[in-house]
Amino acid sequence: MLFRSGTGIFLEKCKAQNVDVFGIDFSVSSVEACLVKHLNASVIKIDGDYTDVTHKRNIIVSFHVLEHLPNPAHLFAQASHWATRDASLWVAVPSNRSLNRLRNIKHIFDEPPHHLTRWTPQALETVGCMNGWVLKQVVFEKLNFRDRLYSLITMDETYKNAK
């Protein structure tokens, strides 16, 4: 089960590996793009009731969805309804260790209305536990050299004054 299937790139990779995958998305056009590619996908409503899945899943993933939801706990609750007894829930959110956050620099795409919440490992553990999930591991994505360099350069006063 994939929250936010987008236009199906991840679903296609799963299908190519013979993984039985089902995507859901808030965007009608994204789901239509998946269906044109003969991928299993369905439209959902934010904070709607989606317990009518055809069968339970042992892996549920959500890539950069949680921070956009007005009621993020709902994602964990719904995942519990869709999950088999031994299921894993993989959630990716923007890192609380990003250079912008560590230096307390506001970024337009990391503020409302784009991102409604920010997440720490402790917050993920708490909301997950409230919905029957146990946090087993936190993995921080490493920034590539180009992204680190860009972040550092754009924070420099010389760069800021050159505008």
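In this chain, numbering begins with 1 at the start of the sequence shown. The figures here come from the full heavy-atom set of this structure, side chains too, leaving out hydrogens, waters and symmetry mates.
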Cluster question for you: counting only ILVMFWY and a side-chain heavy-atom cut-off of under 4.5 Å, with indirect links fine, are Val43 and Leu35 together? yes
Single-linkage hydrophobic cluster Leu11~Trp90, side-chain heavy atoms < 4.5 angstrom: yes
Report yes if some heavy atom in the side chain of Trp119 is under 4.5 Å from a heavy atom in the side chain of Ser95; otherwise report no. no
First locate atom CZ of Arg97, then atom NZ of Lys142, and finally report the distance between them rounded to the nearest 0.5 Å. 9.5 Å
Is any side-chain heavy atom of Ser88 less than 4.5 Å from a side-chain heavy atom of Asn58? no
Heavy-atom donor-acceptor pair, His68 side chain to His114 backbone, under 3.5 Å: yes
Would a 4.5 Å heavy-atom cut-off, applied to side chains only, mark Leu66 and Leu124 as touching? yes
Using side chain to side chain contact (heavy atoms under 4.5 Å, CB included), reason through Val31 and Phe26 one step at a time and then give a plain yes or no. CA-CA 8 Å; Val31 170; Phe26 311 112; over 6 Å; no
Is there a donor-acceptor pair closer than 3.5 Å between any side-chain N or O of His107 and the backbone N or O of Phe109? yes
To the nearest 0.5 Å, what is the distance between CZ (Arg57) and CZ (Phe22)? 7.0 Å
Where do Leu75 and Ser62 come nearest, in terms of heavy atoms and distance? CD1-OG, 3.5 Å
Residues that Phe63 engages under side-chain contact (heavy atoms from CB on, under 4.5 Å), provided they are two or more places apart: Leu2, Phe10, Val61, Ala92
Under the side chain to side chain contact (heavy atoms under 4.5 Å, CB included) rule, what do Leu116 and Leu69 come out as? Steps first, then yes or no, please. CA-CA 7 Å; Leu116 303 177; Leu69 299 177; 5.9 Å; no
Checking one residue: Ile9. Which other hydrophobic residues are in its cluster under the side-chain 4.5 Å linking rule? none
Backbone of Gly8 reached by a side-chain donor or acceptor of Ser5 within 3.5 Å: no
For the student: nearest non-hydrogen atoms of Thr7 and Cys34, plus distance: C-SG, 3.7 Å
With salt bridge (charged side-chain N to carboxylate O under 4.0 Å, His left out) as the rule and sequence neighbours excluded, what pairs involving residues 113-128 come up? Asp110-Arg118, Glu111-Arg118
Could you tabulate the donor-acceptor pairs under 3.5 Å formed by side-chain atoms of residues 131-140, not counting sequence neighbours?
from: Asn131; atom 1: ND2; to: Val127; atom 2: O; distance (Å): 2.9
from: Trp133; atom 1: NE1; to: Phe76; atom 2: O; distance (Å): 3.2
from: Trp133; atom 1: NE1; to: Ser80; atom 2: OG; distance (Å): 3.0

Going by side-chain contact (heavy atoms from CB on, under 4.5 Å), name the residues that satisfy it together with Lys15, two or more places apart in sequence or in a different chain. His38, Leu39
side-chain contact (heavy atoms from CB on, under 4.5 Å) against Leu149, all qualifying residues, sequence neighbours excluded: Phe145, Ile153
Heavy atoms, side chains only, cut-off 4.5 Å: are Glu67 and Pro94 in contact? yes
Just do the side-chain hydrogen bond (donor to acceptor under 3.5 Å, both in side chains) check on Thr84 and Asp86 with the steps written out, would you? CA-CA 6 Å; Thr84 60; Asp86 61 341; 2.9 Å; yes
As a quick check of understanding, evaluate side chain to side chain contact (heavy atoms under 4.5 Å, CB included) for Asn40 and Val21, giving each step before the final call. CA-CA 7 Å; Asn40 293 327; Val21 66; over 6 Å; no
Should we count NZ of Lys37 as having more than 12 external heavy atoms under 6.0 Å? yes
Starting at SG of Cys14, measure out to CD1 of Ile59 and round the result to the nearest 0.5 Å. 9.0 Å
Between Lys56 and Trp82, does a side chain to side chain contact (heavy atoms under 4.5 Å, CB included) hold up when you go through it step by step? CA-CA 5 Å; Lys56 303 233 179 217; Trp82 293 328; over 6 Å; no
